[in-house]
Every structure is written in C-alpha cells, then in structure tokens.
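The next block holds one structure in the form of structure tokens; read it before the comments.
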Amino acid sequence: MKRALITGVTGQDGSYLAEFLLRKGYEVHGVKRRSSSFNTERLDQIYTDVHDHGSRFFLHFGDTADTASLWSLFQDIQPEEVYNLASQSHVRVSFDIPEYTTDVTATGALRLLEAIRRTGVRTRFYQASSSEMFGLVPPPQSEKSPFHPRSPYACAKLFAHNITVNYRESYGIFACSGILFNHESPRRGETFVTRKIARAVAHIKYGLEPKLYLGNLDARRDWGYAPEYVEAMWLMLQQDEPRDYVIGTGEMHSVREFVEVAFAHAGLDWREFVETDPRYLRPAEVVALQADATLARKELGWTHRVGFEELVKLMVDAEMEDASRRAAGMPLAQAGRGD
C-alpha cells in the first residue's frame, strides 16, 4: 500500500486528491493547520475515526511555515508521494498580505524540498504551480512559454516552481510541477469569483440577496473541473522521469461569459443584478490565460471531460440546492458535495 502526504488537504484540490488516492488503494496522510474552528468540511465524507480498523486516511497538524513539523511528518510517515497543495491561493488577497503569501507559498515549497533532501526519504514530489505565473504572456501558454507574474501570489508560485526545478536538477529528486490553469467545483472557496457568482445566482433566485458585485468582467480564463485536474497530478508522479506539465482545457472564456451562463441557467437576466466595484480590481491585471496542454495529452494521456457550460451549471445547481434549503429553513447540504 503506497503512502501519500498531502499539504493543503482541507482545500478544494486536497479533498478531491485525497478521495482519488483512497480509491487507488493508497494510505493518505493530510496536513492541516491548527484552527479554533473546524476547517475539514470538505473531508467529512472520507474521514474515519483512527480507532476504526482499516482506516487509510489520517490528518496531522502541521504548517508549511513550520520546518520542524514538516521534518517530523516525513520521518514518521515515510511517504512515497508528496503533493504540495498548500498556499495562500487568493490572487487579490495576496496584494494585501504579500509577506505571508510568500512565506507559505514560496518558502513553504522550499521547506518541503529541504525536508526531502535532509531526511533522505525516498519520495516523489508534486508542486502545485499556477497559470498565474504566465501573467502578461499572450495566450495560449505552454511549458515553453516565458513567465511574467503580475501579483505577489504569482511571484511566490514562480519561486516555488523554479526551486522545484532546481532541486530536481541539483539533487536528483523526483520533483515535478503541474502548471494548472483555473479549475473549479462546488468546493471552491466562496471568495473565488466562480463560486461567488454561482452562490449569488442561487441567493438572488431565492431572494436571499439583491445584487452581485464583481471586478473585471473582461478577464478571460481557461476554466476546468477540479476532480479531473487531481488525476493529472497523480499521473505526473507515475512517469518514469519527472518533468513539468501544463494542465487546462484549451478553451478561454471571460468572467462576463461565466456570469451570463450562470444567471441564464437560473432563468435570470444578469444585467439586472450585477454591478462592478473597483475594490475588486487587482493593482496589476492578468488579461488572458489559455492552456496548451498538448504535452499532457501526449505523455500523460490526460484530457478534460467536463466542458465550460457544464461546469458553470453544476456549480449553480449545487448552490441552488443549498439556497433552497436556506430559504426553507432546512439544514444546508454538506460542503463535500460536488463529486
């Protein structure tokens, strides 16, 4: 039974990846930060009590900002695969807290790689890189495209990406990066634009809120379905040699298009309910991101299956279910929905 360690396991990607690896027969260990409130809602459907016989999913306290906790986890677990998904991942917020973003996102990746090198644990390492690293580079973007980051988040991700390459080349560590373009699901954090839109549509439909306020409606992104993207992460670590891959659908749509499809799915005219607010604009905007995932298709055999409109509709449907329950005073659906 292979053992995998996932940082950022409580997030969207971490929860889907944990489920995927459990289905593959892995023993899965997830790292979560200490919090005074429960932050494991996305994992409720796979969590089992450690006293239960045959448990294969375990949570550990740790932090990519804390070197000692990482070393202890490596020595105790001896994972064959490590997936670094931990990050302060909100691009707009990274302008407000750039130092923290850099510590957990950039230096956090370095701490993990150093833990692998210093402890001597034989493992394969996956680094979650981001399409935001491309910034102003014209689309489509591939593994050969240059980088031009436009936010503290993107700069931090670029450091993590480059240090992963450096440790691969310097120390022979099986380390690779997945340059993932935007990937969404009903488990997306509520402050991210796609979830914010889907949630607002449902709340407006059921009279729970009157308006939706957004920033740049003309930003264009390559949006895919998160559960499909974690499969690509796993495939990268199963290859004979480590390398970096771009993962995305190859389609590009604007925030405005996302809004139009989402509101239309609920039978609403978005122009009656959406207003722009300059507070949501980034100091430096990324105009257009579109993946050229030719290499992933060729070498990993990976391709997306859920299209743009289907993705928007399944996100809206999940929010409509919760909104209808809220409007009726019923308990909300579990945060782990959306498989």
Side-chain angles (χ1 to χ4, degrees), residues 10-20 37-47 89-90 92 181-230 249 251-277 280 304-339:
T10 59
Q12 170 189 253
D13 291 5
S15 65
Y16 283 124
L17 179 60
E19 292 174 5
F20 178 85
S37 59
F38 287 112
N39 61 348
T40 55
E41 299 89 354
R42 295 182 179 97
L43 303 170
D44 285 347
Q45 59 195 33
I46 61 172
Y47 180 77
S89 57
H90 198 288
R92 178 61 189 85
F181 283 62
N182 295 64
H183 45 289
E184 319 296 324
S185 77
R187 298 185 192 179
R188 194 56 143 146
E190 292 181 357
T191 59
F192 289 83
V193 67
T194 52
R195 178 79 188 279
K196 182 179 178 180
I197 293 168
R199 188 169 184 266
V201 167
H203 281 206
I204 291 169
K205 181 71 173 181
Y206 282 93
L208 299 174
E209 61 183 75
K211 292 282 186 180
L212 169 62
Y213 296 93
L214 295 172
N216 182 12
L217 297 178
D218 297 318
R220 292 175 291 161
R221 295 292 184 268
D222 184 330
W223 278 300
Y225 187 40
E228 298 177 349
Y229 284 50
V230 301
T249 71
E251 298 179 14
M252 188 164 54
H253 299 274
S254 68
V255 175
R256 190 185 309 275
E257 289 178 75
F258 198 107
V259 168
E260 290 172 350
V261 174
F263 275 85
H265 186 53
L268 300 172
D269 183 347
W270 71 274
R271 290 165 294 190
E272 297 180 15
F273 304 102
V274 178
E275 296 184 12
T276 57
D277 186 334
Y280 297 124
H304 79 286
R305 298 176 294 278
V306 175
F308 174 71
E309 289 200 9
E310 183 182 356
L311 171 64
V312 177
K313 291 175 181 178
L314 71 85
M315 291 185 68
V316 171
D317 287 343
E319 297 299 334
M320 294 285 277
E321 180 182 349
D322 274 359
S324 65
R325 289 175 174 271
R326 186 187 299 272
M330 298 169 60
L332 298 184
Q334 291 296 314
R337 68 195 190 282
D339 299 321

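Computed from heavy atoms alone, side chains included, the values below leave out hydrogens, waters and symmetry copies. In this chain, residues are counted from 1 in sequence order.
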To the nearest 0.5 angstrom, please state how far the [atom1] atom of [X] sits from the [atom2] atom of [Y].
X: Asn182; Y: Trp223; atom1: CG; atom2: CH2; result: 7.0 Å
X: Thr191; Y: Tyr280; atom1: OG1; atom2: OH; result: 10.5 Å
X: His253; Y: Glu309; atom1: NE2; atom2: CD; result: 8.0 Å
X: Met252; Y: Arg220; atom1: CE; atom2: CZ; result: 4.0 Å
X: Arg199; Y: Leu208; atom1: CZ; atom2: CG; result: 9.0 Å
X: Asp13; Y: Ser185; atom1: CG; atom2: OG; result: 8.0 Å

Please determine which of Thr276, Asp277, Val193 meets the side chain to side chain contact (heavy atoms under 4.5 Å, CB included) test together with Leu214. Val193
Given the options Val261, Val316, Val255, Val312, Ile197 meets side chain to side chain contact (heavy atoms under 4.5 Å, CB included) only with Val255
Would you sort out whether Arg256 and Trp270 count as a side-chain contact (heavy atoms from CB on, under 4.5 Å), showing the intermediate values? CA-CA 9 Å; Arg256 190 185 309 275; Trp270 71 274; 3.6 Å; yes
Do [X] and [Y] come within less than 4.5 Å of each other through their side chains, counting heavy atoms only?
X: Glu272; Y: Phe263; value: no
X: His183; Y: Val230; value: no
X: Tyr206; Y: Arg326; value: no
X: Leu43; Y: Ser15; value: yes
X: Glu209; Y: Ile204; value: yes
X: His304; Y: Glu251; value: yes

Of all the heavy-atom pairs spanning [X] and [Y], show the shortest one and how long it is.
X: Ala200; Y: Leu212; result: CB-CD1, 3.6 Å
X: Arg188; Y: Thr194; result: CG-OG1, 3.9 Å
X: Ala266; Y: Met320; result: CB-CE, 4.4 Å
X: Glu321; Y: Ser324; result: O-OG, 2.8 Å
X: Met315; Y: Pro186; result: CG-N, 4.1 Å
X: Pro210; Y: Phe273; result: O-CD2, 3.7 Å

Look at the side chain of [X] and the backbone N and O of [Y], then say whether any donor-acceptor pair between them is shorter than 3.5 Å.
X: Glu228; Y: Val306; result: yes
X: Lys196; Y: Tyr213; result: yes
X: Glu184; Y: Leu311; result: no
X: His203; Y: Val201; result: no
X: Arg42; Y: Thr10; result: yes

Below 30° counts as parallel, above 60° as perpendicular, anything between as tilted: where do the rings of Phe308 and Phe258 land? perpendicular
By salt bridge (charged side-chain N to carboxylate O under 4.0 Å, His left out), Arg221 pairs with (sequence neighbours left out) Glu132, Glu285
Quick one, Glu319 with Arg195, criterion salt bridge (Lys or Arg N to Asp or Glu O under 4.0 Å). Give me CA distance, side-chain angles, the key distance, then yes/no. CA-CA 9 Å; Glu319 297 299 334; Arg195 178 79 188 279; 2.3 Å; yes
